[in-house]
J.: 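Pasting in a structure now, in structure tokens, and then I'll have a few things to ask.
The structure presented is a predicted model; accordingly, all values stated were derived computationally and were not measured. When a ligand or atom number is given, it counts from 1 through the structure's own listing order.
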Amino acid sequence: MQILGIESSCDETAAAVVRDGHEILSSVVSSQFDVHGKYGGVVPELASREHLRAVTAVVRQAMEQARCQWGDLSAVAVTRGPGLVGSLLVGMTYAKAICFARKLPLIGVNHIEGHIHAVAMEAGERLEFPALALVVSGGHTHLFEMSAGFSYRLLGKTRDDAAGEAYDKVAKLLGYNYPGGPVLDQLAVFGNPKAVRFPMAKMKGNALDFSFSGLKTAVLRWVQAHEMEAEIAARKALLRTNPSPGVDEWRKLTPQRTLDLIASFQQTVIQELLTRAEAAAEEIGARSLVVSGGVACNAGLRSAALGARIPYPVFFPAPALSTDNAAMIAAAAYPKLRNGEFSDYSMKAQAGLVLA
Ligand code: KG4
Ligand code: ZN
């Protein structure tokens with residue numbers, strides 16, 4: 001059974017064809033980094049317009065690369081949320097039109113469930129339940145208990161910024177480009193993670209919730225206290241001539257003190273994520289830990305999680321499947337296709353998290 005997946009929830013227009021829920025025949029992702037880079041974050045109106053421009057070519061390319069005809073498809077899956085409503089609408093309307101014209105079943109997929117399936121499709125039978133899923137991206141920092149048959153229970157979430165958002169905001173503050181995660185991750189290896197002591201967030205109420213706004217403010221205070229205006233201005237000047245510089249170019253404009261700051265920030269984020277994930281895993285008696293979403297690309301997080309002394313296996317998706325893509329959406333739709341769980345054309349875009 002082949003499913004065409006379409007994803008347009010944020011700033012990536014993506015399409016993929018996946019066979020039997022795990023075999024990726026094609027996966028095409030068109031990113032809008034150059035459009036949003038100079039604003040330091042995603043501008044929703046621009047994102048919708050770029051999706052409109054890209055969607056036809058991206059879907060066509062995914063079908064061609066998979067050598068797939070419309071008649072070979074069993075269904076079309078599309079992200080219905082959470083995400084930017086204007087962006088979601090582009091992918092959803094496109095998917096509905098294909099289904100209407102080609103008489104194909106339509107399957108709406110939750111974006112977060114997609115991120116979890118990015119791991120599940122590779123891990124296969126090695127994934128034991130109950131599993132703990134830590135979904136960390138630009139829009140989400142959520143902990144779910146995942147039971148066999150892919151049903152979910154929310155255990156904790158961020159009360160303010162998502163982890164990826166914290167990376168993006170700190171990068172912007174320091175004069176680096178969007179998205180900030182990859183840049184700071186690459187620079188962090190050159191710094192001393194113990195140089196600056198940032199406090200861990202203390203949560204009242206649900207101890208499995210996260211908070212990153214205090215850390216972001218602590219970085220701001222540190223920057224204000226250390227006269228960094230000139231170096232930040234130099235980085236912003238580079239961005240005006242080159243929207244996405246490489247790590248070598250950034251290093252030349254980053255003094256050791258700032259590398260130490262970045263490494264310390266990253267260390268604190270990793271500690272926040274793993275401390276709560278380990279507590280949640282213990283609480284539910286997890287038999288595996290799944291980490292997914294854009295921040296799962298983070299080299300520091302990967303080595304800390306894979307090196308942790310914990311009694312259950314840890315699964316990360318391949319880097320290309322960590323950030324937004326449509327293969328994960330097609331994969332998440334496969335169990336729904338088998339169960340006959342289809343959506344109708346009244347399906348609406350959902351900005352917030354609804355797991356059903
Ligand atoms: O999953 P994703 O592509 O989109 C959302 O659903 O948000 O995640 C994008 C987020 C951005 O905030 C980006 O800065 C972050 O993931 N990210 C990283 C890394 N690569 C991407 N954060 C930390 N380290 C990375 N290597
Ligand atoms: Zn995502």
Side-chain angles (χ1 to χ4, degrees), residues 5-14 16 27 29-33 36-37 39-42 44 47 51 79-84 87-88 91 109-119 133-142 157-158 161-174 176-189 193 212 215-216 244 247 250 262-263 265-270 272-274 290-305 316-329 331-332 350-353:
I6 299 179
E7 152 67 39
S8 69
S9 64
C10 191
D11 58 343
E12 265 100 17
T13 320
S27 179
V29 180
S30 164
S31 294
Q32 305 174 1
F33 295 155
H36 303 289
Y39 303 105
V42 179
H51 284 305
T79 306
R80 63 173 156 81
L84 301 169
S87 292
L88 288 164
V109 172
N110 184 298
H111 181 79
I112 295 186
E113 208 179 344
H115 274 303
I116 293 172
H117 275 267
V119 182
L134 169 64
V135 182
V136 264
S137 70
H140 319 283
T141 303
H142 287 69
K157 63 177 171 39
T158 182
D161 291 342
E165 196 179 355
Y167 267 97
D168 296 337
K169 287 179 176 170
V170 166
K172 184 179 181 186
L173 168 73
L174 295 174
Y176 298 102
N177 54 313
Y178 172 85
V183 190
L184 298 188
D185 188 15
Q186 284 174 307
L187 290 173
V189 294
F212 292 100
L215 173 60
K216 190 185 61 189
S244 39
V247 66
W250 280 136
I262 293 168
F265 161 77
Q266 169 146 311
Q267 177 70 12
T268 313
V269 174
I270 294 171
E272 289 277 349
L273 295 174
L274 292 186
V290 166
V291 187
S292 195
V295 182
C297 289
N298 190 273
L301 177 62
R302 280 180 182 245
S303 61
F316 280 86
L321 292 178
S322 297
T323 46
D324 288 351
N325 65 87
M328 68 185 196
I329 302 301
Q350 291 161 337
L353 173 72

J.: Can you report which non-hydrogen protein atom sits closest to atom 8 (O) of ligand 1, along with the distance?
T.: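 The closest heavy atom on the protein side is Gly294 CA, 3.4 Å.
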J.: For the Zn ion (ligand 2), give me the closest N/O/S atom belonging to Asp324, just the atom name.
T.: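 Checking each N, O and S atom of Asp324, the shortest distance to the Zn ion (ligand 2) belongs to OD1.
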J.: Please identify which atoms of ligand 1 are closer than 4.0 Å to at least one heavy atom of His115.
T.: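 Within the 4.0 Å cut-off of His115, ligand 1 contributes 1 (O), 6 (O).
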J.: Parallel, tilted or perpendicular: which describes the rings of Trp250 and Tyr176, with under 30° parallel and over 60° perpendicular?
T.: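 Because their plane-to-plane angle is over 60°, the rings of Trp250 and Tyr176 count as perpendicular.
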J.: Flag yes if more than 12 heavy atoms outside Lys216 fall under 6.0 Å of its NZ atom; otherwise flag no.
T.: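 Check passes, neighbour count above 12.
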J.: Between Asp168 and ligand 1, find which residue part has any heavy-atom pair under 4.0 Å and reply side chain, backbone, both or neither.
T.: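 Side chain only.
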J.: Identify the two heavy atoms, one from Ala332 and one from Val109, that lie closest to each other, and give their separation to 0.1 Å.
T.: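 Closest approach of Ala332 to Val109: CB-CG1, 3.7 Å.
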J.: Could you pull out the closest heavy-atom pair between Ala188 and Ala263, with the gap in Å?
T.: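 Shortest heavy-atom separation between Ala188 and Ala263 comes out as O-CB, 3.4 Å.
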J.: Looking at ligand 1, would His111 count as a contact under a 4.0 Å heavy-atom criterion?
T.: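 Checking ligand 1 against His111, which is what was asked, there is a heavy-atom contact under 4.0 Å.
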J.: Would you say that Leu174 contacts Ile262 through its side chain, given a criterion of any heavy-atom pair below 4.5 Å between the two side chains?
T.: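 Contact flag for Leu174/Ile262 side chains = yes.
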J.: Has ligand 1 got any nitrogen or oxygen that is less than 3.5 angstrom from a nitrogen or oxygen of Gly181?
T.: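 Such a contact does occur with ligand 1.
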J.: Could you tell me which non-hydrogen atom of Cys10 sits nearest to which non-hydrogen atom of Glu7, and how far apart they are?
T.: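 In terms of heavy atoms, the two residues are closest at N-OE2, 4.2 Å.
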J.: With only distance considered, is Gly293 within less than 3.5 Å of ligand 1 through an N or O on each side?
T.: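 No, no N or O pair falls under 3.5 Å.
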J.: Any idea which protein heavy atom is nearest atom 3 (O) of ligand 1, and the distance to it?
T.: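 Scanning the protein heavy atoms, the shortest distance from atom 3 (O) of ligand 1 goes to Asp324 N, 3.0 Å.
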J.: Mind listing the closest non-hydrogen atom pair of Ile112 and Asn110 along with its distance?
T.: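 That closest heavy-atom pairing would be N-OD1, 2.8 Å.
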J.: What part of Asp185, side chain, backbone, both or neither, has a heavy atom within less than 4.0 angstrom of ligand 1?
T.: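 The side chain, only.
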J.: Would you say that Val291 contacts Arg302 through its side chain, given a criterion of any heavy-atom pair below 4.5 Å between the two side chains?
T.: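 Of all side-chain heavy-atom pairs linking Arg302 with Val291, none is under 4.5 Å.
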J.: Heavy-atom contact check, 4.0 Å cutoff: does Pro182 meet ligand 1?
T.: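 The answer is yes: ligand 1 sits under 4.0 Å from a heavy atom of Pro182.
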J.: Quick one: do the Asn325 and Glu12 side chains pair a donor with an acceptor below 3.5 Å?
T.: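 Side-chain D/A pair, Asn325 to Glu12: absent.
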J.: Closest approach of Gln186 and Val247, non-hydrogen atoms and distance?
T.: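 Of all heavy-atom pairs spanning Gln186 and Val247, the closest is CB-CG2, 3.7 Å.
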J.: Measuring from the Zn ion (ligand 2), name the closest N, O or S atom belonging to His111.
T.: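 Answer by atom name: NE2.
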J.: In ligand 1, which numbered atoms sit nearer than 4.0 Å to a non-hydrogen atom of Thr323?
T.: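 Under 4.0 Å from Thr323, ligand 1 has these atoms: 3 (O).
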J.: Considering heavy atoms of the protein only, find what lies nearest to atom 24 (N) of ligand 1 and give residue, atom and distance to 0.1 Å.
T.: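 Looking only at protein heavy atoms, the one closest to atom 24 (N) of ligand 1 is Asn298 ND2, 2.9 Å.
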J.: Please list, in number order, the atoms of ligand 1 under 4.0 Å from a heavy atom of Cys297.
T.: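 This gives 20 (N), 26 (N) as the contact atoms.
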J.: Which of these, Val136, Val135, Val269, sits in a side-chain contact (heavy atoms from CB on, under 4.5 Å) with Thr141?
T.: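 Filter result, single survivor: Val136.
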J.: Tell me the closest heavy-atom pair linking Ala162 and Gly139, and the distance in Å.
T.: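 For Ala162 versus Gly139, the nearest heavy atoms are CB-C, 3.6 Å.
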J.: N/O of Tyr167 under 3.5 Å from N/O of ligand 1, yes or no?
T.: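 No.
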J.: Any N/O/S atom from Cys10 (main chain or side chain) under 2.8 Å of the Zn ion (ligand 2)?
T.: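 It does not: Cys10 brings no N, O or S atom closer than 2.8 Å to the Zn ion (ligand 2).
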J.: Near Pro179, which atoms of ligand 1 are under 4.0 Å from a heavy atom of that residue?
T.: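 Selected atoms, number and element: 13 (C), 14 (O).
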J.: May I ask you to list the atoms of ligand 1 that are less than 4.0 angstrom from any heavy atom of Gly139?
T.: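 Here the atoms of ligand 1 in question are 7 (O).
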J.: For atom 10 (C) of ligand 1, which candidate among Ser292, Ala188, Gly138 holds the nearest heavy atom?
T.: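 Nearest option to atom 10 (C) of ligand 1, by heavy atoms: Gly138.
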